[in-house]
A.B. asks: 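I have a structure I would like to understand better, so I am pasting it below and will then ask my questions one at a time.
Excluded from the calculations below are hydrogen atoms, water molecules and symmetry mates; all remaining heavy atoms, backbone and side chain alike, are included.
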Amino acid sequence: MIHPKTYLLYIFTLLLVGCQSPTKDAQDTTSESERNRPKTYVKIEHPEWSKNATIYQLNTRQFTTEGTFKAAQKELTRLKTLGVDIIWLMPIHEIGVKNRKGTLGSPYSVKDYYSVNPEFGTLEDLKSFVEAAHKKGMYVILDWVANHTAWDNPLVAQHPDWYDKDYKGDFRPTPWWDWSDIIDLDFNNHEVRDYMADALKYWVQEVNIDGYRCDVAGFVPLDFWNRVRKELDTIKPVFMLAEWESRDLHAEAFDMTYAWSWNETVHKICKGQADVNGLYIYYSWNESAFPENTFRMTFVSNHDKNAWEGTMWEQFGDGLNAAIVLSVIGEGMPLVYNGQEAGNKKRLVFFEKDPIIWQEHYIGKLYQDLFSLLKENTALWHAKWGARMIKVPNSSESEILSFVRRNENDKVFAVFNFSENPKKVTFKETLYHGQYIDFFTKEEVGLDENFELPLDAWAYKVFVKK
């Protein structure tokens, strides 16, 4: 005979079990084949306006003689005419004094994340710059330094536990680098994450900026960036650029990553240290390892390259023009570092005032013409909106890069002689066949199996479908 208390306990247990959620098998009505289908890797939505955008890096200190936002604002019409869509402002915050490098210091040594560097102007000046850019149909992203701060950032005294420490228990710069003017934050501390997320949201809310370029993004935990992107997108659709080269950053955080290896490969080819096989490796990796719906930033110069490794002329020599054309016609969003369009031939001093010498230059006209083609030709658009590059086999594949980008409406056939020797090139298969306009000469040409193309050293051709 069952004891009454035991019976009541038994009934209670049955009721409790009956109230629990059904088993996984009972509640999951999807078939095994549906569960095993590939998932969409890129879960963020890119802003619609980024589909055929170009990006321009503006070093406020060197961009004008005055070195201010007000002076830079006067140049927005010129940038619009050049074909610029996204203006990336290098860090706009007040710079640390303690352990400063040079007279003016590095803008990447942030003294206060909520400040505006008085060297550049005021908060109202920055707001005016952003508003003026928006009125011209351009977008502004700020350079953000999340990984580290200046030694004299108020957070050092207020929250010393927010910082990473060395084996002696002292504040430390980023390990293995000579960044002696900064010290690392500790993103294992949730208060650091909350503070940084709030600071990032502040500039979108207060100044109406359109996103961020994030310095050494790979040195900051990915789950932080994933969180921040969600929170920023609740304010407005933003565009996020990571100074890093990793597929995983694209899933939930960043629209675009640096194509560092593209730059390094083209540099080596132009300096005679590699051949076109290096680009086959890059483009294979780019297509196979990175999801199709991602942006990569292609460039021949930026502030790091210019200041520490050489001007675009030093880096690419006789192959410079070909490198520029490929940065726009191939897959990737092209970057212009301020001064390139003026043919700048000096390394801009990084810790001092060193204004760009502005002049009309054929490099500016080259970028302008290429950007015009990029905006009009849908095959050259970015991420899900554009077309993949398809290799066209040719008779000299170690020196000649040839490819097609095409969709239902547009088609481009591009050929580059990445060597110091003139070539006569023939092509295999039929992908390139068709009626075209030579983009640079404006001549109409029909290309078929009998087509033979003479190319001077470092020369290139871009054929656009009629």
A.B. asks: Could you tell me which non-hydrogen atom of A150 sits nearest to which non-hydrogen atom of I183, and how far apart they are?
C.D. replies: O-CG1, 4.2 Å

A.B. asks: Would you say that Y56 contacts L82 through its side chain, given a criterion of any heavy-atom pair below 4.5 Å between the two side chains?
C.D. replies: yes

A.B. asks: Of all residues at least two apart in sequence or in a different chain, which pass the ring-ring contact (aromatic ring centres under 6.0 Å, His included) check with W358?
C.D. replies: F63

A.B. asks: Donor-acceptor pair, distance only, cut-off 3.5 Å: does the side chain of R100 make one with the backbone of T103?
C.D. replies: yes

A.B. asks: Report the residues that fulfil salt bridge (charged side-chain N to carboxylate O under 4.0 Å, His left out) with R61, sequence neighbours left out, ordered by chain and then residue number.
C.D. replies: E119

A.B. asks: Is the Y108 ring parallel, tilted or perpendicular to the F350 ring (thresholds 30°, 60°)?
C.D. replies: parallel

A.B. asks: Once you round to the nearest 0.5 Å, how far does CG of L241 lie from CZ of F254?
C.D. replies: 8.0 Å

A.B. asks: Between D161 and N189, what is the shortest heavy-atom contact and its length?
C.D. replies: O-ND2, 3.5 Å

A.B. asks: Could you check whether the rings of F239 and W49 sit parallel, tilted or perpendicular, using 30° and 60° as the cut-offs?
C.D. replies: tilted

A.B. asks: So, E341 side chain and G339 main chain: donor-acceptor pair closer than 3.5 Å or not?
C.D. replies: yes

A.B. asks: Going through the distances and angles, do T64 and E75 end up as a side chain to side chain donor-acceptor pair (under 3.5 Å)?
C.D. replies: CA-CA 9 Å; T64 62; E75 300 300 319; over 6 Å; no

A.B. asks: Look at the rings of F316 and H267 and say which category their plane angle falls in: under 30° parallel, 30 to 60° tilted, over 60° perpendicular.
C.D. replies: perpendicular

A.B. asks: Can you name the salt bridge (charged side-chain N to carboxylate O under 4.0 Å, His left out) partners of E376, sequence neighbours left out?
C.D. replies: none

A.B. asks: With a 4.5 Å limit on heavy-atom distance, are the side chains of L380 and N52 in contact?
C.D. replies: no

A.B. asks: So which atom in E352 and which in G102 form the shortest heavy-atom distance, rounded to 0.1 Å?
C.D. replies: OE2-CA, 3.4 Å

A.B. asks: Between K135 and E131, is there a salt bridge with N-O shorter than 4.0 Å?
C.D. replies: yes

A.B. asks: Taking only distance into account, with no hydrogens and no angle test, what donor-acceptor pairs under 3.5 Å do side-chain atoms of residues 197-204 form with protein atoms, sequence neighbours excluded?
C.D. replies:
unit_1, atom_1, unit_2, atom_2, d
K201, NZ, E231, OE1, 3.0
W203, NE1, Y113, O, 2.9

A.B. asks: Just to verify, which of H382, R229, H250 counts as forming a side chain to side chain donor-acceptor pair (under 3.5 Å) with D255?
C.D. replies: R229

A.B. asks: Do F171 and W162 make the cut of ring centroids closer than 6.0 angstrom?
C.D. replies: no

A.B. asks: Look at the side chain of N394 and the backbone N and O of E397, then say whether any donor-acceptor pair between them is shorter than 3.5 Å.
C.D. replies: yes

A.B. asks: Mind listing the closest non-hydrogen atom pair of S327 and W262 along with its distance?
C.D. replies: CB-CH2, 3.6 Å

A.B. asks: Without swapping roles, check the side chain of W244 against the backbone of Y258 for a donor-acceptor pair under 3.5 Å.
C.D. replies: no

A.B. asks: For K70, is there any backbone N or O sitting under 3.5 Å from a side-chain donor or acceptor partner on D125?
C.D. replies: no

A.B. asks: Do NZ/NE/NH1/NH2 and the carboxylate oxygens of E360 and K365 come within less than 4.0 Å?
C.D. replies: no

A.B. asks: Taking only residues two or more places apart in sequence or in another chain, which ones pass side chain to side chain donor-acceptor pair (under 3.5 Å) with D166?
C.D. replies: none

A.B. asks: Mind checking whether W285 and Y282 have parallel, tilted or perpendicular rings, split at 30° and 60°?
C.D. replies: perpendicular

A.B. asks: If only atom types and distance count, is the side chain of W151 paired as donor or acceptor with the main-chain N or O of S180 below 3.5 Å?
C.D. replies: yes

A.B. asks: Are the side chain of K346 and the backbone N or O of I356 linked by a donor-acceptor pair below 3.5 Å?
C.D. replies: no

A.B. asks: Considering only heavy atoms from C-beta outward, does the side chain of M90 approach that of T60 to under 4.5 Å?
C.D. replies: no

A.B. asks: Could you note down all residue pairs passing salt bridge (Lys or Arg N to Asp or Glu O under 4.0 Å) where residues 272-286 supplies at least one of them, sequence neighbours left out?
C.D. replies: none

A.B. asks: Identify the heavy atoms of N306 and S301 that sit nearest to each other, and give their distance.
C.D. replies: CB-OG, 3.8 Å

A.B. asks: What residues form a ring-ring contact (aromatic ring centres under 6.0 Å, His included) with F440, not counting sequence neighbours?
C.D. replies: Y460

A.B. asks: Please list, chain by chain and in numerical order, all residues satisfying salt bridge (charged side-chain N to carboxylate O under 4.0 Å, His left out) with E124, sequence neighbours excluded.
C.D. replies: K127

A.B. asks: How would you list, by chain and number, every residue that makes a side chain to side chain donor-acceptor pair (under 3.5 Å) with Y280, sequence neighbours excluded?
C.D. replies: none

A.B. asks: For F224, give me all partners under ring-ring contact (aromatic ring centres under 6.0 Å, His included), at least two apart in sequence or on another chain.
C.D. replies: F187

A.B. asks: May I ask you to decide whether K236 forms a salt bridge with D210, counting only side-chain N to carboxylate O separations under 4.0 Å?
C.D. replies: yes

A.B. asks: What pairs meet the salt bridge (Lys or Arg N to Asp or Glu O under 4.0 Å) rule with one or both residues in residues 215-225, with sequence neighbours excluded?
C.D. replies: R193-D223, R213-D215

A.B. asks: Once you measure the plane-to-plane angle for H134 and Y139, does it fall in the parallel (<30°), tilted (30-60°) or perpendicular (>60°) bin?
C.D. replies: tilted

A.B. asks: If you measure from CG on N286 to CD on E292, what distance do you get to the nearest 0.5 Å?
C.D. replies: 10.5 Å

A.B. asks: Nearest heavy-atom pair of N293 and A383: which atoms, and what distance?
C.D. replies: OD1-CB, 3.4 Å

A.B. asks: Backbone N or O of D85 within a donor-acceptor pair of the T54 side chain at under 3.5 Å?
C.D. replies: yes

A.B. asks: So Y114 and Y195, would you call those rings parallel, tilted or perpendicular, with 30° and 60° as cut-offs?
C.D. replies: perpendicular

A.B. asks: Go through the structure and list residues passing salt bridge (charged side-chain N to carboxylate O under 4.0 Å, His left out) with D184, not counting sequence neighbours.
C.D. replies: none

